[in-house]
Amino acid sequence: MSEQSSPSHIESQPPPQILRRIAGILISLLIVGWALVSAALVYENLRVNPRTEDAQVRANVVGVSTQVGGAIVAIHVKDNQLVKKGDLLFELDARPYQAEEDKAKAQLALTKLEIQAYKDQITACEAALRESEANALYAANYAKRVSALVAGNYVTTDKNEQAQTQAQTTASKVEQDKAALSRARNLLGDSGQENMRLVAAEASLRDAELKLSYCKVYAPCAGYVTNLQITPGVYASVGEQIFSLVDRGIWYVLAYFRETDLRRMRPGMAADVHFMAESGKLYHGIVQGIPKAVAELGSPSDKTPGGQGILSQVSPTIDFILLAQRYPVRIVLDEPEEHSFRMGGTASVIVHTQSDVEAGIRRLNQLQKSMDTPFAAPLAGAMTQHSGGAALGAVGKIIVHE
């Protein structure tokens, strides 16, 4: 009985090939499902957190130039040197501008003497007018009395005519003295509470002092001297850039994102930044802004009619197929400056579109607050005292960056 049941039991068991096939199908389905889920997760991550490897480290650059022309007589910095805000960079030959300041001071002193002379002239004209008015009043009264005596033959007709002529002459003298007084007052140059002659002389002196102060060029911000290739003796023209100063106050990254990645981006969003020079280190940044325009490829120059103005130029990475336009998104680095911070360095950026935008805006305002403080170089003299010849402001100590 056992011998007959054994073959049927063997035939009811599935062959190993079928089991392996079923197992293979299940594993394949699991792999495909896992791949689809992973692809969906990656797509969602890329959509929520767009990224790019086309980014560059940037900083604000100040082109150091002079506002007056002259020969450079002293240079107080070296190339790649770190300077503080207000440090003396270089000096121009100040002798021509010192002479102009001395001339303006002399003109101011002469103007004050002229004003005093005009005041004395006004006093004299006022005295002459009072005298002529008194003579005219007397002559007019005398003419009236003489005219009343003519009818009774108490005075001759000739005497009456002389009296009338004298009254007219003295009246004309009053008008002449009034005109002379008005002219003297106009020459004085008073207008309201100010004297225009004095205002003009003081303005000339301020202009001379300002030009003299421009002979010493100071650092408008803390930063690094770059591309210094001059020596004392070189003539510096007005507006000609002598070298550049890289502002160390704030560093940022220009990340070139495709236009399809900008839909969810907003200023204030957090960003992760990786530098090529520090590939294993993560830096934090905040999206400052997203541009509204870039220059069209092949568009005219900003200096030609019909040009686009000063817009960012973004070159395509591939020119034989249609690609999404890339836009430079500015991301401010929320990190203290490090040795690897160099303008032009390569970086990769990931923007987190689900981060706290309001907190990012507040932090961004704190980082940019230092940029709102303007710098004013010290003047050559103290114009408020009109004493002239005040020394230039003290020079700050230069810090050398090792």
Side-chain angles (χ1 to χ4, degrees), residues 58-105 202-252 310 337 341-344 368-402:
R58 303 296 296 269
N60 297 324
V61 178
V62 179
V64 179
S65 60
T66 61
Q67 300 189 57
V68 293
I72 297 177
V73 295
I75 301 175
H76 300 278
V77 294
K78 298 179 180 179
D79 197 20
N80 301 317
Q81 179 176 332
L82 173 63
V83 295
K84 297 185 298 182
K85 183 176 181 179
D87 284 347
L88 183 62
L89 300 178
F90 60 91
E91 299 179 56
L92 302 179
D93 185 3
R95 289 175 296 179
Y97 302 101
Q98 183 65 61
E100 289 294 329
E101 184 190 38
D102 295 339
K103 181 179 178 181
K105 290 176 182 177
E202 290 175 346
S204 297
L205 179 55
R206 284 196 299 269
D207 181 65
E209 288 178 337
L210 190 60
K211 289 180 179 178
L212 179 60
S213 68
Y214 288 155
C215 292
K216 289 191 175 184
V217 180
Y218 298 86
C221 62
Y224 299 91
V225 177
T226 305
N227 196 30
L228 177 60
Q229 301 179 15
I230 57 173
T231 185
V234 174
Y235 186 87
S237 301
V238 178
E240 179 183 356
Q241 293 189 5
I242 307 300
F243 55 87
S244 298
L245 195 64
V246 179
D247 186 3
R248 65 174 304 194
I250 189 167
W251 291 83
Y252 57 92
I310 303 177
E337 182 187 13
F341 284 24
R342 290 183 176 85
M343 185 174 174
Q368 295 178 331
K369 187 175 182 180
S370 60
M371 299 174 61
D372 299 334
T373 304
F375 172 79
L379 287 177
M383 184 59 204
T384 56
Q385 300 178 356
H386 302 299
S387 58
L392 285 167
V395 177
K397 183 179 180 181
I398 305 295
I399 299 178
V400 180
H401 179 66
E402 296 294 341

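In this chain, residues are counted from 1 in sequence order.
- Interatomic distance, E100 CD to L212 CG, rounded to the nearest 0.5 Å: 10.5 Å.
- Atom-to-atom distance recorded for D102:CG and Q98:CD is 5.0 Å, nearest 0.5 angstrom.
- Listed by chain and residue number, Y224, R248 satisfy the side chain to side chain donor-acceptor pair (under 3.5 Å) test with E337 (two or more places apart in sequence, or in another chain).
- When the ring-ring contact (aromatic ring centres under 6.0 Å, His included) test is applied to Y97, no partner is found at least two apart in sequence or on another chain.
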Review point. Step by step, would you call V238 with Q67 a side-chain contact (heavy atoms from CB on, under 4.5 Å)?
Key: CA-CA 5 Å; V238 178; Q67 300 189 57; 5.5 Å; no
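- Among all heavy-atom pairs drawn from V73 and P232, the shortest one is O-CB, 4.0 Å.
- With contacts defined as side-chain heavy-atom distances shorter than 4.5 Å, the pair Y252/N60 qualifies.
- Closest heavy-atom contact between L89 and F243: CD1-CZ, 4.0 Å.
- With rounding to the nearest 0.5 angstrom, the CG atom of N80 is 9.5 Å from the CG atom of N227.
- A distance of 6.0 Å separates CD of E101 from CG of L205, quoted to the nearest 0.5 Å.
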Exercise for review: Decide side-chain contact (heavy atoms from CB on, under 4.5 Å) for Y218 and V83; before the verdict, give the C-alpha distance in whole Å, the side-chain angles of both, and the deciding distance to 0.1 Å.
Suggested key: CA-CA 10 Å; Y218 298 86; V83 295; over 6 Å; no
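- Inter-residue side-chain proximity for E91 and V217 is flagged as unmet; no heavy-atom pair is nearer than 4.5 Å.
- When side chains are defined from C-beta on, L245 counts as touching V225, because their heavy atoms get closer than 4.5 Å.
- Here the straight-line distance linking atom CD1 of I72 with atom SG of C215 works out to 11.5 Å at 0.5 Å rounding.
- In terms of heavy-atom proximity, F90 sits nearest to I75 at CB-CA, 4.0 Å.
- For the pair Y235/D93, no side-chain contact is recorded, criterion being any heavy-atom separation below 4.5 Å from C-beta on.
- Residues D247 and A222 approach most closely at OD1-O, 3.2 Å, considering heavy atoms.
- Pairing each heavy atom of L92 with each of V68, the nearest pair is CD1-O, 3.5 Å.
- Taking CD1 from I250 and CZ from R58, the interatomic distance works out to 14.0 Å, rounded to the nearest 0.5 Å.
- Residues T66 and E240 form no side-chain contact, since every pair of their non-hydrogen atoms from C-beta on lies 4.5 Å or further apart.
- Residue R95 places its CZ atom among 12 or fewer non-hydrogen atoms of other residues, nucleotides or ligands, all under 6.0 Å distant.
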